[in-house]
Amino acid sequence: MTDTYRNFVSRRDFMRLSAFATAGAALAACAAPAAPADQGGSEAAEPAMEDTVVSLWSWGTAMARYRDPEGNDIFAETLKADTGLDLELGMVDHPDMAAKLKAALPAGTGPDLLNTDFDIMGPFWGFVEPLNSRGEAEWGAGWKEDTFSGAALSEMELVAGIVDMSGDALYLPGNMQLLGWVYYWIPTFEERGIDVSGLNTWGDFEALCESFLNDGIAPLGGYYHPANLVDWFKSLVEVTGPGQLAEVQVGNGQFTDAGVVEAFDLFAKVYNDYMQEGAIGAQDGNAVREPFWNGTGERPMINIFTGTPYFGFLNHESEVIRDAMNNHVGTFLLPGSKGLAATDAGVAMVSASERKDNAWEYMKWRTLGPGAEQIASTGQPMGAKAIEVPPQNTDFDKNLGEPLLEAMVTGDNVFRRVLCTDVYQQLGIVLPGVTADLITAEEAAQEVQDAFDQSCEQWVKS
C-alpha cells in the first residue's frame with residue numbers, strides 16, 4: 001500500500017445516487033437531495049444563544065448529516081459537543097438551491113455557510129468570503145498546498161480564476177468524487193485471461209468490448225441518469241478531443257469544436273453497441289447493477305458513477321454487495337481518458353454573515369477536524385490530505401482503494417464539472433437524442449453551445 005493511499009481519506013455514500021433521476025436533480029452530480037425543510041433552520045432545533053449559532057444551507061449531501069451506528073442523524077448534537085456551536089440547518093432540494101441563493105444573497109438574508117457545488121453556485125461565488133487571510137493566520141502561507149489534495153487544489157484554483165480572484169480560496173473542499181474508472185468483475189477477467197494493465201488506448205477498450213460481444217455478452221451495464229450521461233460524455237471527450245472540455249467550460253473553446261462533437265457520436269456508440277439493449281431508456285439503476293454484483297458473468301463491466309462513489313457500498317446492507325466490493329471487484333481508468341475529480345460539497349462562508357468566527361470554526365470542524373473524520377469513516381474521500389482511510393483488511397485495499405485514491409491526489413482532473421446549470425441540463429437532454437438518432441451530433445453540440453452562450457458566458461472567465 002503506498003504512502004499516498006495511506007495518508008488520504010475515505011469516501012461517499014453512493015446509496016443516495018439512485019434517489020434522483022430528473023434532469024434538475026441530476027445537477028447534484030452524485031449527491032441525492034433531501035426533502036426540503038424550512039430554509040431558515042431545522043424545525044427540531046431548540047432556540048440557541050446568538051453568539052453560538054451558525055446557520056448552514058445545504059441539500060442532502062453527506063456533508064449535511066452525521067449518523068450514529070444505528071443510522072440516527074446526530075449532526076447538530078455532535079457539532080455542539082465538539083465545538084459549542086448551535087447549528088441551524090436549512091435543507092433545500094438541490095435543483096432549488098440556485099433560485100434561493102439568487103433571492104437571499106444579494107439581499108443579505110442568506111445563511112452564514114453554504115455547502116457548495118459547481119452546479120448550483122454559478123455566479124454566486126461573488127457572494128462568498130475569501131478565506132486566504134484566515135487560512136494563513138491559522139496554518140501559515142502554504143496552508144492550501146499543505147492541507148488539500150492535488151485534485152481539490154485544481155478545483156479551488158479554477159473557481160478562483162473564474163471570479164478573478166486567482167490564488168485565493170473561496171471555500172474549503174469537503175467530500176470528493178473520482179469518476180471515469182470502469183469497475184470489472186475480477187473472476188470473469190481472470191477466466192478469460194484478460195490483463196487490464198494492457199488496456200491503454202480506446203482501441204484496446206473497443207477490442208475488449210468486441211470480445212465479449214462475440215460471445216453474446218453485453219460488456220457494459222448502463223442506464224438513463226442525467227448525471228451519469230454527462231459523466232460518460234466528459235470522459236469520452238478526453239478520447240476524441242483530449243483537453244478540449246477543460247478549455248470549453250471556461251470559454252476558451254466551444255462545444256461545436258470538432259473533438260467535442262465527435263464525443264457525442266462516440267457516446268451513442270457506447271450506449272447502443274456496448275451496453276445491454278435499451279440502456280439509454282433504462283430507469284432502474286439497481287436492476288442494471290444487480291447482475292454485476294452477483295458475478296454471473298452476464299455484466300462483466302459497469303461504469304455507472306464508478307470510481308469513489310461506489311465506496312459507500314462497503315457498508316451496504318446486502319452481504320453479496322459487501323463481499324463483491326471487498327473481494328471481487330477491480331478497476332481501471334477508461335482507456336484514452338482520465339479520472340474526473342471534483343468536490344461533491346465544499347463549505348463556503350457567506351460574505352454578509354455577521355457570525356464569521358463561528359462559521360470558520362464550523363468549516364474547520366467539517367472539512368479538516370472530527371466532522372471530516374466521521375465522513376471518511378463511512379467510506380467517503382475528503383479533499384484534505386491528512387484524513388486516513390480506514391483499512392478494510394480485504395482485497396478492496398489493493399483492488400479499488402489504492403488506485404482510486406492515488407489517482408485523486410494527482411489533481412489532473414480540472415474538467416470534472418460543466419460550470420453552468422443550463423449546460424448540464426442541456427447535455428442531459430441531447431445525449432439521449434443523439435443515441436436514439438433523433439438529432440445529429442452537430443445539432444446536439446450547437447444546442448449545448450447555445451445554452452452556454454445564453455446562460456454561462458457572462459460569468460465564466462478564461
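For this chain, numbers begin at 1 and follow the sequence in order.
Shown here for A263 and V237, the closest heavy-atom pair between the two residues is CB-CG2, 3.5 Å. The minimum heavy-atom distance linking P370 with Y66 is given by the pair O-OH, 4.4 Å. Summarising the geometry of K234 relative to L340, their closest heavy-atom pair is CB-CD1, 4.2 Å, with the distance given to 0.1 Å. Here the shortest heavy-atom pairing between A64 and W59 reads CB-O, 3.6 Å.
Partner of N326 under the side-chain hydrogen bond (donor to acceptor under 3.5 Å, both in side chains) criterion, out of N399, D397, T394: T394 alone.
A salt bridge links R134 to D357: one of the charged nitrogens lies within less than 4.0 Å of a carboxylate oxygen.
At least one donor-acceptor pair under 3.5 Å links the side chain of S55 to the backbone N or O of D112. No donor-acceptor distance shorter than 3.5 angstrom exists from the side chain of D344 to the backbone of Q177, with no hydrogens or angles considered. Counting only distance, with no hydrogens or angles, the side chain of R322 and the backbone of E317 share a donor-acceptor pair below 3.5 Å. A donor-acceptor pair is defined here as one N or O able to donate and one able to accept, closer than 3.5 Å; such a pair exists between the side chain of E157 and the backbone of G167. Although no hydrogens or angles enter the test, the distance criterion places no donor-acceptor pair under 3.5 Å between the side chain of S149 and the main chain of A384. Checking side-chain atoms of D73 against main-chain N and O of F75 turns up a donor-acceptor pair under 3.5 Å. Q392 places a side-chain N or O within 3.5 Å of a backbone atom of P390 that can act as its donor or acceptor partner.
Figure legend: R355 and Y362 shown without cation-pi pairing, the cationic atom not lying both under 6.0 angstrom from the six-membered ring centre and within 45 degrees of its axis.
Residues F305 and Y310 keep their aromatic ring centres 6.0 Å or farther apart. Two rings, from F292 and Y183, have their centers 6.0 Å or more apart.
With 3.5 Å as the limit, one finds a donor-acceptor pair spanning the side chains of Q446 and D450. With 3.5 Å as the limit, one finds a donor-acceptor pair spanning the side chains of D453 and Q449. In this structure, a donor-acceptor pair under 3.5 Å is present between the side chains of D82 and W365. Looking at Q254 and T256, their side chains do bring a donor and an acceptor atom within 3.5 Å of each other. Side-chain atoms of T61 and N115 form no donor-acceptor pair, as typed in the model, at a separation below 3.5 Å.
For the pair F148/E155, no side-chain contact is recorded, criterion being any heavy-atom separation below 4.5 Å from C-beta on. In this structure, the side chains of T367 and M63 come closer than 4.5 Å at one or more pairs of heavy atoms. Residues S353 and E129 are not in side-chain contact: their nearest non-hydrogen atoms beyond the backbone lie 4.5 Å or more apart. V239 places a side-chain heavy atom less than 4.5 Å from the side chain of S337. Side-chain contact check for L427 versus L229: every heavy-atom pair is 4.5 Å or farther apart. Residues T240 and V260 are not in side-chain contact: their nearest non-hydrogen atoms beyond the backbone lie 4.5 Å or more apart. Between E443 and V430 there is no side-chain heavy-atom pair separated by less than 4.5 Å. Counting heavy atoms from C-beta outward, T435 and F267 have side chains that approach closer than 4.5 Å.
Ring planes of F396 and F311: perpendicular class, angle over 60° (limits at 30 and 60°).
Within a 6.0 Å sphere centred on CD of E145, heavy atoms belonging to other residues, nucleotides or ligands number more than 12. E290 CD: 12 or fewer foreign heavy atoms inside a 6.0 Å radius.
Residues satisfying the side-chain contact (heavy atoms from CB on, under 4.5 Å) test with L333, not counting sequence neighbours, are W181.
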